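Residue numbering restarts at 1 for every chain, and letters A, B, ... go by the order of the sequence lines. These figures come from a predicted structure and were not determined experimentally.
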Protein chains: 2
Amino acid sequence: MIVLKDIKKSYQMGDQSIEALRGASLVIKEGEFMSIMGPSGSGKSTLMNIIGCLDRPTSGSYKFDNKEVSQLSDDELATIRNEKIGFIFQSFNLLPRFTAIKNVELPLIYSKLPSVEWHKRALEAMKAVGLENRLNHKPSELSGGQQQRVAIARALINNPSIILADEPTGNLDSKSGEQIMRILQGFNEDKGVTIILVTHEPNIAQFSKRIIHVKDGAVIKDEKVLNN
Amino acid sequence: MIVLKDIKKSYQMGDQSIEALRGASLVIKEGEFMSIMGPSGSGKSTLMNIIGCLDRPTSGSYKFDNKEVSQLSDDELATIRNEKIGFIFQSFNLLPRFTAIKNVELPLIYSKLPSVEWHKRALEAMKAVGLENRLNHKPSELSGGQQQRVAIARALINNPSIILADEPTGNLDSKSGEQIMRILQGFNEDKGVTIILVTHEPNIAQFSKRIIHVKDGAVIKDEKVLNN
Ligand SMILES: Nc1ncnc2c1ncn2[C@@H]1O[C@H](COP(=O)(O)OP(=O)(O)OP(=O)(O)O)[C@@H](O)[C@H]1O
Ligand SMILES: Nc1ncnc2c1ncn2[C@@H]1O[C@H](COP(=O)(O)OP(=O)(O)OP(=O)(O)O)[C@@H](O)[C@H]1O
Ligand SMILES: [Mg+2]
Ligand SMILES: [Mg+2]
């Protein structure tokens with residue numbers, strides 16, 4: 001389903017070249033629940049952005065459902081991003097002038113759901129993450145962990161077939177964090193959703209079935225989670 | 001040194017009142033190393049912002065070095081913030097148009113250090129957090145954990161007597177997180193700096209000597225850390 005071969009990403013800074021990814025290769029099958037761990041700055045978010053079709057690699061091949069992503073048109077990429085992928089960003093990326101519930105409703109623009117249904121579905125998502133009494137707060141009127149949970153609810157609202165979660169519990173106490181992980185587990189086990197999760201917390205990674213380790217822009221280890 | 005008595009903070013949202021703090025009382029002595037833990041939305045950041053003189057309580061008393069903070073002028077408050085307190089924000093608050101090193105230098109405007117010394121001291125701070133090869137990156141050209149480390153370096157640069165750290169390791173792998181905690185421990189043990197740390201990770205709280213637990217806007221538990 002997702003096949004990355006020798007993915008490289010570099011940034012030009014003046015006369016210096018920053019190698020964010022130095023040849024990452026990875027196969028992720030449909031319905032997998034995988035964690036990505038590794039030191040700060042090792043390339044995890046860069047890898048997630050490429051998988052999520054938000055960024056293009058400098059070189060290498062990325063096949064999504066057997067189609068070479070670099071050959072897809074902007075429209076085809078937009079369709080994958082809006083209909084197939086739910087992305088929980090490390091820095092949330094909420095729209096500051098919209099309420100929490102409006103932020104969560106937004107992706108439904110790309111769904112077949114009639115607009116009279118949007119509020120009802122967004123309300124369910126907000127309840128699932130424990131924010132039913134924060135619907136009309138703007139992001140600046142929410143705590144850090146509440147903003148993170150709005151970002152989570154927004155990523156799940158369109159029933160994506162792939163969820164990319166970049167540090168989804170970084171601002172959550174253990175209890176709220178485990179509640180989120182059980183939601184993700186439910187999507188994986190009940191709906192067969194593929195989940196790719198970046199985390200630095202081993203207890204969170206234990207909810208997944210496979211952990212890949214990234215260091216200096218490459219995959220250095222690939223292990224099964226045994227309690228699962 | 002810091003005495004909070006029955007601190008309340010509420011926000012008016014239309015006809016509804018949100019009680020972020022419902023009467024928090026706390027005594028923090030000079031040189032203490034204390035953690036604050038509690039569920040998402042329980043009032044930890046609100047408490048930190050009041051202690052850091054960034055926000056005023058709705059009611060209650062806050063004495064800083066025996067002076068009632070609500071009676072201080074804006075100038076006196078600004079002096080406390082700029083000269084005595086180093087604040088590591090949960091959402092970093094870096095200036096997007098300045099490089100990492102420039103962001104770290106900024107608080108030195110309020111110090112007695114001559115400007116020719118600023119770059120040298122900021123460079124030392126960047127080295128201490130492992131970012132000597134990211135000096136000229138803007139925040140958008142840094143990973144989440146690198147931005148967090150710039151925010152940490154910036155909070156320490158003015159040799160504050162109190163460090164307020166709101167989830168300082170939320171985006172860091174365990175190794176980088178422990179490196180940061182050892183820096184904070186050094187400030188506490190070698191320089192007698194008071195450290196107040198919000199964290200949701202028990203391993204991180206273990207670096208401190210006291211943990212207070214917050215729930216629904218009040219302090220519900222106050223415990224000693226025994227391994228220390
Ligand atoms: N400007 C505001 N207007 C209305 N409510 C607010 C505002 N700022 C914060 N709140 C509410 O106050 C409560 C406490 O917020 P605070 O940021 O202190 O929580 P926290 O303990 O730091 O949470 P987290 O662990 O998620 O960061 C939250 O329920 C939040 O929704
Ligand atoms: N726009 C950019 N220009 C230059 N360098 C960049 C840019 N974006 C990222 N980098 C660099 O690429 C490297 C990888 O960044 P990435 O965000 O993928 O790391 P990460 O593994 O997600 O880190 P963290 O755990 O801290 O979030 C970092 O060293 C970062 O400084
Ligand atoms: Mg990242
Ligand atoms: Mg907070």
- Note on the structure: Of B/Gly14, B/Gly144, B/Ser45, B/Gly43, the largest count of non-hydrogen pairs under 4.5 angstrom with chain A goes to B/Gly144
So for [X], is it side chain, backbone, both, or neither that comes closer than 4.5 Å to the heavy atoms of chain B?
| X | value |
| --- | --- |
| A/Glu141 | side chain |
| A/Glu201 | side chain |
| A/Asn203 | neither |
| A/Ile18 | side chain |

- Pick from A/Gly145, A/Gly170, A/Ser143 with the largest number of heavy-atom pairs that fall under 4.5 Å of chain B: A/Gly170
- Top residue by heavy-atom pair count (under 4.5 Å) with chain B, among A/Glu167, A/Arg149, A/Lys175, A/Gln148? A/Arg149
- Query: Looking at NE2 of B/His213 and CG of A/Asp173, how far apart are the two atoms once the value is rounded to the nearest 0.5 Å?
  - Reply: 12.0 Å
- Query: For chain B, which residues from residues 91-101 of chain A lie under 4.5 Å away (heavy-atom distances)?
  - Reply: none
- Note on the structure: Listed by number, the residues in residues 124-134 of chain B that come under 4.5 Å of chain A (heavy atom to heavy atom) are B/Arg134
- Note on the structure: Heavy atoms of B/His200 and A/Thr169 approach each other most closely as NE2-O, 3.6 Å
- Smallest separation among heavy atoms of A/Gln146 and B/Ser40, with atom names: N-OG, 3.6 Å
- Steps toward side chain to side chain donor-acceptor pair (under 3.5 Å) verdict (A/Asn171, B/Gln90): CA-CA 8 Å; A/Asn171 285 282; B/Gln90 189 171 8; 3.0 Å; yes
